[in-house]
Amino acid sequence: MAWDIGLFRQKASKPQNQLFQQSRLQLAAWYAGVMGVILALLGFGMYRAIAHAHAVTIDREIQSVADALKNALKVTLADEQQLKQLPPQLLPDLCLGDQRCLEPIQQTSSPYLQGYYIRIISPAGELLATAGARPQGIPVAIPTETLQTVWDDSNQHYHQVAVELFPNVAPTITPTALEPESWAYLVVGRSFQDFDEYLASVRWRILLGLLLALTLVAPASWWLATLAMRPIYRSYSQIQQFTADAAHELRTPLAAIRATVESVLRLPHLSEADAQDTLGVIHRQNQRLSNLVSNLLLLSKLDIQAYPPKQAPCNLVDLIHDIAEEMAAFALQKKIALDIDVQTDSTATVLGDEENLYRLLLNLVNNALTYTPEDGRVTLTLQQQQQQALILVTDTGVGIAPEDQAKIFDRFYRVDTARSRQTGNSGLGLAIATAIAQAHKGTITVASQPGQGSTFTVSLPISS
Ligand code: ADP
């Protein structure tokens with residue numbers, strides 16, 4: 001991260017630096033925001049799941065208490081008259097009859113009824129008996145549903161389960177026409193106070209967890225934003241560098257043309273020889289400019305397109321012979337031996353754009369001949385290794401220092417700028433060759449010894 005901040009500060013100008021910092025901040029804020037929302041939703045979902053699971057467990061517990069009591073009462077009771085005879089251990093703190101049974105009492109003496117209230121209500125809606133806790137304000141009424149939520153005066157909520165009590169009739173072999181009528185409702189309710197307290201503590205814990213997660217998410221978002229901005233910044237710097245280099249390359253021939261024209265304009269008379277010289281210079285510089293512009297156009301095309309658009313079978317044996325033929329005159333002029341060494345029986349056919357593959361090899365052979373002194377040797381070798389065709393361009397030239405070997409594939413990079421300019425080269429030859437090789441799913445590597453020569457190896461997949 002420190003490296004990146006340093007990089008932003010060093011390379012970008014002030015407004016650009018601010019723009020990158022601002023974008024990074026915005027990206028980090030978005031990351032943190034999105035993560036925050038996701039975590040909050042997860043926390044909420046978790047809370048709802050815990051609350052639901054607990055509520056279901058408690059409701060089941062109330063239901064089982066109600067069922068157990070119903071079964072016990074069924075054995076001992078046939079109607080409300082027998083309520084008085086109930087054993088005290090079955091329903092502790094039993095209160096029979098009137099409204100006094102709803103008045104508050106100290107805690108129930110029965111440990112198994114802690115938090116529970118029990119009511120027996122007649123079918124007419126009258127309170128027949130109570131046991132257990134006595135929450136204030138819960139109305140006595142005929143239950144309308146088996147499971148109900150009710151509130152007391154202090155807004156504390158309870159769940160209550162209602163079951164019907166039937167007289168204990170002995171089963172008969174022939175069923176009676178009419179089912180016996182229930183003589184009362186047994187209502188069992190339980191306070192949710194402890195449950196609410198537990199849920200409040202869960203809420204706090206989730207909230208604290210969320211805050212803690214957000215304090216971790218904030219630096220993580222900043223770090224992620226830095227990672228995301230790094231390639232953008234790098235390609236932005238490359239574009240800036242490329243624009244500056246291209247402008248510089250264009251300026252050189254333009255300045256040469258201007259200087260030549262200005263010097264001629266200062267002459268009082270222009271002889272035919274001067275005119276020839278001037279036009280010669282303008283023509284050369286114009287040629288250089290055209291080459292540069294067409295190289296730049298080709299590079300941008302290679303950058304943009306899913307290349308190569310043409311997918312035709314290209315015979316590499318024919319291709320290297322054509323190149324050797326085209327470069328023979330240049331080799332002769334430089335007194336360099338140009339050889340071909342085909343070490344495979346197959347035609348080594350690759351799928352791609354022949355014009356561009358020709359261009360790739362031409363750039364390499366042109367370089368080999370350019371950077372090899374008189375009486376040297378340049379060899380074009382074709383080999384096949386499994387499904388790869390290897391084309392080696394070997395020269396006995398000046399070689400490339402190890403520290404330059406990785407850089408020579410960069411756009412506009414030249415080891416010896418002055419010398420390279422004299423040859424009219426712009427430093428784009430290897431960049432174009434690399435882009436073409438990559439577009440054909442291939443690679444270019446270099447092995448070189450300064451003073452002894454270089455070998456550029458192009459590897460291309462053979463079409464099956
Ligand atoms: P240029 O257009 O200047 O030749 P290239 O991209 O083709 O640009 O090559 C980049 C640099 O790599 C050249 O300036 C040269 O210094 C070096 N180079 C390329 N090929 C060779 C070679 N065969 N022998 C020595 N140096 C080479």
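All heavy atoms count here, side chains included; hydrogens, waters and symmetry mates do not. Every number for a ligand or one of its atoms is a count from 1 in the order of the listing.
- At least one heavy atom of F456 sits closer than 4.0 Å to an atom of ligand 1.
- Side chains of D274 and S271: a donor on one and an acceptor on the other come within 3.5 Å.
- At a heavy-atom cutoff of 4.0 Å, ligand 1 is contacted by both the backbone and the side chain of L430.
- Here the side chains of L270 and L267 are in contact, with some heavy-atom distance below 4.5 Å.
- Using 4.0 Å as the threshold, G427 has a heavy atom nearer than that to some atom of ligand 1.
- Considering both main-chain and side-chain atoms, R414 never comes within under 3.5 Å of ligand 1 through any nitrogen or oxygen pair.
- Residue contact check: I408 has heavy atoms under 4.0 Å from atoms 6 (O), 10 (C), 11 (C), 12 (O), 17 (C) of ligand 1.
- The residue from K441, Q388, Q385, Q383 that alone fulfils the side chain to side chain donor-acceptor pair (under 3.5 Å) condition with S459 is Q388.
- At a 4.0 Å heavy-atom cut-off, ligand 1 does not touch T372 at all.
- Of the N or O atoms in N367, one or more lie within a sub-3.5 Å distance of an N or O in ligand 1.
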Hey, mind stepping through Q241 and D245 against side chain to side chain donor-acceptor pair (under 3.5 Å) and telling me if it holds? CA-CA 6 Å; Q241 185 64 45; D245 289 342; 3.2 Å; yes
Show your working on side chain to side chain donor-acceptor pair (under 3.5 Å) between D67 and S64 and close with a plain yes or no. CA-CA 5 Å; D67 289 342; S64 62; over 6 Å; no
